[in-house]
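Comments concern the structure below.
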Amino acid sequence: MDRDQIAESFISAIKREFPDVRKRIDKQMKALEIDPEDKMYTQMFECFSQATTDSIKEKDSETALRHLNYMSDKLKHASDVEREYIDVYYTESLMWDIKDQKLKAWGWKLFPENIKQLYENMWGKQYL
């Protein structure tokens, strides 16, 4: 499989697993006026990351944990392409718009260790 096929398969799996995220991704692509034939995989993964962040902002631990654990499990057996999407387009943007440090600390406790490691590789050691 080439890079686009791997990304497409990964996004398709996320959309099957999380129908609410599928709707969110589809809505975001439509709002950006992206032609359905144009695959904006980076934007789709960032949309999933934002859905996770929003669940943290809402203190919806069940949803946040489902997202984070899914990506953590996927990371354990990820191809290089999948790992890049998890690292750069999902993990790096988690909690980017949370300014409340107490809320951020609450969310941080939900992160699986391998996701924490990716996050800290980008943003440094977190003492939340």
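Treat the numbers as computed from the prediction; the structure is a model and nothing was measured.
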Checklist line | Min side-chain heavy-atom separation F111-L94 under 4.5 Å | finding: yes
Check: Atom CG in L65, atom CG in L110: separation rounded to 0.5 Å?
Finding: 4.5 Å
Checklist line | C47 SG to Y89 OH distance, which is reported to the nearest 0.5 Å | finding: 15.5 Å
Checklist line | F10 and Y41: CA distance, side-chain angles, deciding distance, ring-ring contact (aromatic ring centres under 6.0 Å, His included) verdict | finding: CA-CA 10 Å; F10 195 0; Y41 302 116; over 10 Å; no
Item checked: With sequence neighbours excluded, residues passing side chain to side chain contact (heavy atoms under 4.5 Å, CB included) with Q5 -> M1, D2
Next item on the list: For E62, check salt bridge (Lys or Arg N to Asp or Glu O under 4.0 Å) against everything at least two apart and list the hits.
Entry: none
Checklist line | Results of salt bridge (Lys or Arg N to Asp or Glu O under 4.0 Å) for K102 - residues two or more places apart only | finding: none
Checklist line | Partners passing salt bridge (Lys or Arg N to Asp or Glu O under 4.0 Å) against D97 (at least two apart in sequence or in another chain) | finding: K57
Note to self: Under the rule for ring-ring contact (aromatic ring centres under 6.0 Å, His included), what residues qualify as partners of F18, not counting sequence neighbours?
What the structure shows: F48, H67, Y70
Item checked: Euclidean distance, W108 CH2 relative to M95 CE, rounded to 0.5 Å -> 6.5 Å
Margin query: Can you list everything that forms a side chain to side chain donor-acceptor pair (under 3.5 Å) with T53? Sequence neighbours excluded, please.
Written below: none
Margin query: Could you work out, with side chain to side chain donor-acceptor pair (under 3.5 Å) as the rule, every residue matching S72, not counting sequence neighbours?
Written below: N114
Item checked: By side chain to side chain donor-acceptor pair (under 3.5 Å) - contacts of W123 (at least two apart) -> none
Note to self: Could you check whether T52 and Y90, counting side-chain N and O atoms only, form a donor-acceptor pair closer than 3.5 Å?
What the structure shows: yes
Notebook entry, point to check: Does D80 reach the side chain of I6, with side-chain heavy atoms less than 4.5 Å apart?
Noted result: no
Notebook entry, point to check: Are any non-hydrogen side-chain atoms of R83 and L118 less than 4.5 angstrom apart?
Noted result: yes
Notebook entry, point to check: So, the side chain of S49 versus the backbone of T91: is there a donor-acceptor pair under 3.5 Å, distance only?
Noted result: no
Next item on the list: Give every residue pair that meets the salt bridge (charged side-chain N to carboxylate O under 4.0 Å, His left out) criterion with at least one member in residues 84-96, sequence neighbours excluded.
Entry: R3-E84
Next item on the list: Could you tell me which residues satisfy side chain to side chain contact (heavy atoms under 4.5 Å, CB included) with S12, sequence neighbours excluded, listed by chain and number?
Entry: E8, R16
Notebook entry, point to check: Looking at residues at least two apart in the chain, or sitting in another chain, which of them share a salt bridge (Lys or Arg N to Asp or Glu O under 4.0 Å) with E82?
Noted result: K74
Check: Same hydrophobic cluster for W96 and I56, using side-chain heavy-atom links shorter than 4.5 Å among ILVMFWY?
Finding: no
Check: To the nearest 0.5 Å, what is the distance between OG (S61) and CZ (R66)?
Finding: 12.5 Å
Would you list the atom pairs, donor with acceptor, under 3.5 Å between side chains in residues 19-31 and any protein atom, with sequence neighbours excluded?
{"from": "R24", "atom 1": "NH1", "to": "D54", "atom 2": "OD2", "distance (Å)": "3.3"}
{"from": "R24", "atom 1": "NH2", "to": "D54", "atom 2": "OD2", "distance (Å)": "2.3"}
{"from": "D26", "atom 1": "OD1", "to": "K15", "atom 2": "NZ", "distance (Å)": "3.3"}

Checklist line | Residues M71, F45; criterion side chain to side chain contact (heavy atoms under 4.5 Å, CB included); working and verdict | finding: CA-CA 11 Å; M71 293 304 257; F45 276 89; 4.1 Å; yes
Notebook entry, point to check: With a cut-off of 6.0 Å (strictly less than), are more than 12 heavy atoms of other residues, nucleotides or ligands near CD of Q117?
Noted result: no
